[in-house]
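Shown next, in structure tokens, is the structure this report addresses.
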Amino acid sequence: MSMDQSGAFPWNREAQGPSNPVAARGASRTAQMDDLRCVAEVRRGESEAFGQIVRRYQDRLFNAILRLMGDWQEARDLTQQTFLKAYVSLDGFRGDSSFYTWLYRIAVNVTLDARKKRSKSGEVVREERPSGGDDDPDTSGPASSPADDPAERALQREREEAVARAIQSLDDLHRSILVLRDVEGMDYEEISSVLDIPRGTVKSRLHRARLELRDKLKDLIS
Amino acid sequence: MNCTEARDNLSALLDGELDRETAAAVEAHLAGCEACRADRDSLRALVGTLHALPKHAAPEEIEREVVSMLERDQLLAKPEAPAPRRPWGRILAASAAAAAILAAVGIYFFGGHKPAGNTELARSEAHGSGGDRYFDRMKDNQPIDDTDGDGTPAKPAGPEEYSFRGRKGGATAATAPAAPPSSGSGLSGDALAKVTSSLDAATQTPSPVPAPTPMPAKPRDLSRDGVTDDDKEVSGGLGYHWDLSARPEVFQLEIASGDAIATRARITTIASSLNIRALRPGTIELADLDRKLAEDKKVKGLPERLEDAEGKQKSRRTAEDERLREVGSKVARTARTGDEYEATWRKLLDLLPDVEDEPSPERVLVLAVPEDQLPELVAKLHADQAAAEKDKGKSELGMLAPTNEVKPATRPPAPAATSPQPEGKSDTKLAKKAPDPIDELLDALDEAAKEDAEREKMAREPYGLEAARSGHKSGSQATKTKEDVAQDAIGSRKLPPAPAEAEKKRLDHETTLAQPTPTRDSSKQQASARRLVYLQIYLTQSLPAQAKPAKPAEATPATK
């Protein structure tokens, strides 16, 4: 698992604001180079390199898809589908966007399609994790908020579920933008690239999504 | 700025996505407007709540299952873009090359049980209806030929579209638009849905399918390699959409070896020296492939016949195993002398003519070999065996005649770039392929890294002040280094070379097809257009006929 010693995921730290923007840019560039190397290797027939891509992105993709879909099992399946689709479509990746945004474009498309299907078939969204007990070892809250108290933990969980439900109630575009920004930590330019919409639209829709969510979570936030 | 304008910009302000001027205007408004400040604060609290959502680690099975799917896909050989409809030119060329190598190294083909002690290479038919028939024949343990049982030419199978057994409810079956067929993926069209759905099916399956009984593919005589008009596409019931024209070719090599472990280690070393990897050593993945074919047929609606065939095959195998074990132990108990042992052994072989067809898993290696490296690999294996023979004298590997020297003519064909091949279809395709932009970008990045390292080195050099200065100078000047170009390319997500230049390069490539120059580009293109074939290597037992076992008691356990 790609957690550091403090228990936080790397992208969390970046989202909280990198202390050194130059270093962050350098790290991001290195990651992009690594991605491109892996892509080139896979295209030469060394499919093991794709395993590195999977390891690099599976946590982030899974979390984004989980928030988009709201269902643990489906998020798992859709993450797998995203990787497989990326693999079979790799020849179509020409490098005119970063691999990261290309991968997320696939993920969002796959997820929204699955949601459409689900809404057509009238399936009910399950709660997040089927066996998700309080002692979920995979859950990593911020390192500075140890929820040792069972009551506090239950409250936190309830809060999380309320937020997740509110996110699910947004429409597809608003939810996608919100998740890419506030869960995944993408900037507007990246969101625009992933969703293939103008940057101005990202800005206005994100604001609208937040206002809607704020209304829904009024009690929780206050 | 009024309140409406300011509020519209609040989210962007919190995200740091406003330009300096607008941000200053909004801040100025906020300083004097309490309502808008409250609005901002509530949005900030919301964003904080969203950021505080716990991050979950992805379930472990994601990686495991994706990697496993990819391994399977490797067996099905993801072809290069665009997949040729009729790659027979390539196949024939490859077969011819392999045949030439084999002829030169004195390897002969087998078509049924033959005494071991020979290195045998054959290409198994795995294309279209041939592949299906091949499977059927293999099941029935019949010899493979290009005719149906009654001697009439085989009918090519039509394009078959098998329905997929999706997961219950089919809620998450992938429906995302797949890449256009021209994208060259091995799994074309709506195949993705099938792939991913098969994944669903796989994850829904409570217990994995038991490992297939090692069942080596029946080798096929290259000289009789009738190419049929059967490059049809078949959808796999397990989710794969097989373009049979793109399925991997399977070559088989039989090596007699008394010491399978040592031979195996040597082969693995040779393979890894050529960057060739073994697919799950010790298992027969191709049997698995054939098994899938069988399951496809079940889906197609031929369950009884196939299940019967499989059941029959199993029971036959079990019976054989038992007999083998029984007679083997008898041999061990009764054989006192070498001659006695040999006689009993021969009787055993008469009883069980198919023993050689069922090697134990540790005696089978499957290598995924880039097509162009196959001759080289075979030549190396041969040379290695010759060396082993020299070392051990007339050893258990002694199947090689003195005339089996690897001749220069048998070396792998030179790259298209340096010597145009007569059977130029594949080479033309390789040369025609446009430079991969990813490779170009990576080249630029590599160059940048090199320059960077050099600059760093110069900077560290105590007396290299001048050089360091000049490096600094060039960096500060307007002239862009390659690094800058590469960084810009990443930053703006555009490819570095000017399109006109790239196009020119591509055109140059096309116009100089006949005499391509051995440039770095062309070698890269070759690398990216490589195609995998599979080499099954059987490490057969040395039979007493070739080398009398000095210690019969040691040879017997291998019959188990």
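When reading the values below, keep in mind they use all heavy atoms of this one structure, side chains included, and skip hydrogens, waters and symmetry mates. Reminder, nothing fancy here: chain letters follow the sequence lines and each chain counts from 1.
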Next item on the list: Rounded to the nearest 0.5 Å, what's the gap from NZ on A:K85 to CZ on A:R105? Could you check?
Entry: 11.5 Å

Margin query: If you count every heavy atom of other residues, nucleotides or ligands that lies below 6.0 Å from B:E5 atom CD, does the total exceed 12?
Written below: yes

Checklist line | Toward chain B, the part of A:L61 with a non-hydrogen atom under 4.5 Å | finding: neither

Check: Does a side-chain heavy-atom distance below 4.5 Å link A:E74 with A:R118?
Finding: yes

Next item on the list: Could you walk me through whether A:Y87 and A:F83 pass ring pair (Phe, Tyr, Trp, His ring centres under 6.0 Å), step by step?
Entry: CA-CA 6 Å; A:Y87 179 74; A:F83 283 123; over 10 Å; no

Checklist line | Evaluation steps, side-chain contact (heavy atoms from CB on, under 4.5 Å), between B:L50 and A:L178 | finding: CA-CA 9 Å; B:L50 291 171; A:L178 187 97; 4.1 Å; yes

Next item on the list: Quick one: which of B:V47, B:T49, B:L43, B:L10 has the most heavy-atom pairs under 4.5 Å with chain A, could you say?
Entry: B:L43

Next item on the list: Could you check which of A:R159, A:K116, A:K203 has the highest count of heavy-atom pairs closer than 4.5 Å to chain B?
Entry: A:K203

Check: Who wins among A:Y188, A:F62, A:F50 for the most heavy-atom pairs under 4.5 Å with chain B?
Finding: A:Y188

Check: Which bit of A:I65 is near chain B, if near means a heavy-atom gap under 4.5 Å: side chain, backbone, both or neither?
Finding: neither

Margin query: Please classify the contact between A:R199 and chain B as side chain, backbone, both or neither, with a heavy-atom cut-off of under 4.5 Å.
Written below: side chain

Notebook entry, point to check: Do the rings of A:Y57 and A:F99 sit parallel, tilted or perpendicular, given the 30° and 60° boundaries?
Noted result: tilted

Notebook entry, point to check: What part of B:L18 is in contact with chain A, defined as an atom under 4.5 angstrom from a non-hydrogen atom: side chain, backbone, both or neither?
Noted result: side chain

